[in-house]
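Notes follow the structure.
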Amino acid sequence: MLYALVLPAALLMGYLLATPYDIQTLGLVGVALALLASPLILKYHRPALFLFWNATVVVFFLPGSPQVWVLVAGVSLGLAILHRALIRDRQFLSAPSLVWPVVFLLVVVFITARLTGGIGLRALGGQSYGGKAYIYILAAVMGFFAMLAGRISPPQAMLYVGLFFLGAIANGIGSFIDYLPPSLYFLFWIFPVERLPGQEEDTIARFEILSQSMMCVFWFLLARNGIKNSLEARSFWRLFLLMAVFGVALVGGYRSYFVLMSATALILFCVEGLLRSRYVPIGLGVLLVISAVVIPNAERLPLAVQRSLSVLPIHVNPDARIDGQNSSLWRIEMWRTVLPEVPRYFWLGKGLGVSGVDLELARNLVRRGQMDSRDEAILTGAYHNGPLTVMIPFGIWGMIGWIWFVAAAIRALYLNYKNSEPELKKINNFLFAFLLARTFHFFVIFGEFRVDFPQFLGILGLSLAINGGIRRLAPEPAEAVKPSRGTGRPAARRLSPIPAPALKR
């Protein structure tokens with residue numbers, strides 16, 4: 001029976017591999033490898049979900065090249081439901097205060113999609129773009145519920161935090177396309193690149209993907225060590241490593257990344273209760289030393305780093321400062337154009353779909369210089385403003401759902417931080433501070449719903465899985481007091497007799 005199954009399969013695979021780059025061949029080979037790896041998938045699907053959540057690794061042989069975490073989220077949730085059906089004692093973690101706003105947002109998103117032309121998947125032959133964004137939102141919700149399939153034991157908590165954040169290190173591979181030989185270009189089928197080799201850059205060479213990878217390393221170091229341990233004199237190397245990663249993360253040239261990392265560190269300093277401790281002068285001393293080193297040498301730093309630091313009132317290269325100012329003016333002009341459209345989409349948003357014909361026409365006009373790139377960004381919904389990316393695509397109902405969701409998320413992580421187990425204290429401190437910083441970043445600095453919603457769900461799923469849900473202090477059992485006979489009122493408590501030596505004293 002084994003030969004009857006294996007031999008035809010081997011013949012079929014050999015025939016398909018005669019055209020190894022055909023999409024059908026790659027898909028069938030992927031299915032065959034998945035079947036062979038099924039024991040590993042059954043055992044490690046949940047760690048894989050956390051590992052790939054922040055990774056931009058793509059499945060290149062599928063239409064649209066979806067990211068791996070999208071597939072892993074669906075597989076993990078399916079296996080979790082199957083496990084729950086087979087083992088009744090296996091329960092999903094309960095968090096109704098978060099589940100309801102998530103479900104409400106999902107319903108709003110897909111009702112809006114249904115009323116504004118449906119979900120168009122250009123990769124499957126549709127006439128519009130934007131369907132991938134809907135799929136990613138659905139996959140994020142599925143992944144969130146998969147994370148709630150059971151609690152992560154406290155000894156494994158830091159391992160899962162490392163998987164969640166350090167999985168993004170692989171994203172930086174796409175930044176090195178100019179430094180690898182052509183024989184290794186097959187790697188970029190899996191790891192997305194920022195630009196093609198030899199492609200002309202802007203005035204300032206920036207490495208966005210590498211910067212995002214280093215930011216995730218920065219988050220992991222804060223979750224592992226915290227601010228207090230990093231400022232200890234005996235562990236100076238931790239502070240040095242943290243600052244080194246912080247500096248490398250600025251090579252993306254994005255001022256918003258600098259603000260987000262700084263805000264997270266400052267909020268974590270407060271969350272750890274260090275405002276009235278000896279660590280305040282230590283922290284100020286560290287900032288003074290760093291400023292004394294960086295400010296006089298700011299113009300010697302790479303232009304991308306100078307652009308990131310241009311948000312500060314320090315002297316940097318004029319090209320870096322002007323480039324940053326032009327970016328700010330570009331956004332302000334776009335917001336002035338978009339804000340009058342808000343009343344039009346107040347009750348029913350425009351959705352995430354974009355006509356393929358309109359988008360191709362806009363891109364061609366931008367290349368010819370006949371249309372501003374700002375108009376293309378407006379067409380695709382990239383408003384560079386968090387509230388606008390919720391209000392215009394999904395109307396007031398989307399905004400209500402988003403505010404409800406964010407408020408419930410902050411409350412849940414606050415309770416986990418306040419009632420944390422001692423061995424999870426550092427992790428809960430960081431996750432609460434990180435969520436507050438991301439919320440501030442989304443509403444004030446820069447945000448995009450289709451990108452930030454999966455990030456928020458990932459942070460929540462990690463916190464709930466580590467803490468076993470939303471933690472609350474158990475009420476102290478009240479002492480049973482029996483009523484006195486005949487009166488119905490509680491009897492007076494008897495005081496324990498005082499020993500004679502105590503009476504003499």
Side-chain angles (χ1 to χ4, degrees), residues 1-83 85-86 119-127 129 131-132 135-136 138-139 142-143 146 163 167-199 209 356:
M1 291 177 63
L2 288 175
Y3 276 119
L5 294 174
V6 171
L7 289 178
L11 291 173
L12 176 62
M13 296 298 293
Y15 171 76
L16 292 174
L17 289 176
T19 55
Y21 299 109
D22 184 71
I23 295 296
Q24 183 179 2
T25 298
L26 293 173
L28 290 175
V29 170
V31 171
L33 293 176
L35 290 175
L36 292 175
S38 56
L40 296 176
I41 295 174
L42 290 172
K43 186 174 182 180
Y44 297 110
H45 66 91
R46 200 158 183 238
L49 176 62
F50 289 92
L51 176 64
F52 289 109
W53 192 264
N54 289 307
T56 57
V57 181
V58 301
V59 186
F60 63 92
F61 52 82
L62 291 181
S65 298
Q67 294 180 358
V68 173
W69 72 266
V70 175
L71 301 181
V72 176
V75 171
S76 184
L77 180 61
L79 293 176
I81 294 174
L82 180 62
H83 197 185
L86 296 176
I119 300 175
L121 289 171
R122 186 74 171 183
L124 298 179
Q127 298 300 317
Y129 292 90
K132 183 184 288 189
I135 299 300
Y136 277 33
L138 176 61
M142 295 172 65
L163 292 175
I169 293 178
N171 301 347
I173 295 176
S175 299
F176 296 97
I177 189 169
D178 285 334
Y179 307 99
L180 294 178
S183 59
L184 296 178
Y185 281 180
F186 67 89
L187 293 173
F188 304 118
W189 292 355
I190 303 173
F191 305 102
V193 298
E194 297 174 284
R195 55 184 177 79
L196 298 176
Q199 184 178 355
I209 300 179

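Below, all heavy atoms of this structure are taken into account, side chains as well, without hydrogens, waters or symmetry copies. For clarity, every value in this text was computed on a predicted model and none was experimentally measured.
- Relative orientation of the Trp69 and Trp53 rings is tilted, given thresholds of 30° and 60° on the angle between their planes.
- Shortest non-hydrogen contact noted between Ser76 and Arg46 is OG-CA, 4.3 Å.
- Between Leu7 atom CG and Leu2 atom CG the span is 10.0 Å, to the nearest 0.5 Å.
- Residue Leu163 holds its CG atom at 11.0 Å from CG of Asn54, rounded to the nearest 0.5 Å.
- Counting all heavy atoms, side chain and backbone alike, Val58 lies closest to Pro192 at CG1-CG, 4.0 Å.
- The heavy-atom pair separating Ile209 from Gly172 by the smallest distance is CG2-N, 3.9 Å.
- Taking both residues in full, the closest heavy atoms of Val70 and Ala139 are given as CG1-CB, 3.7 Å, listed atom of the first, atom of the second, then distance.
- Between atom CD1 of residue Ile81 and atom CE of residue Met142 there is a gap of 7.5 Å, rounded to the nearest 0.5 Å.
- Here the closest non-hydrogen pair linking Leu79 and Leu42 is CD2-CD2, 3.7 Å.
- Using a 4.5 Å heavy-atom threshold, the side chains of Phe191 and Asn171 count as separate.
- A pairwise comparison of heavy atoms in Leu71 and Val59 identifies CD1-CG2, 3.5 Å as the closest pair.
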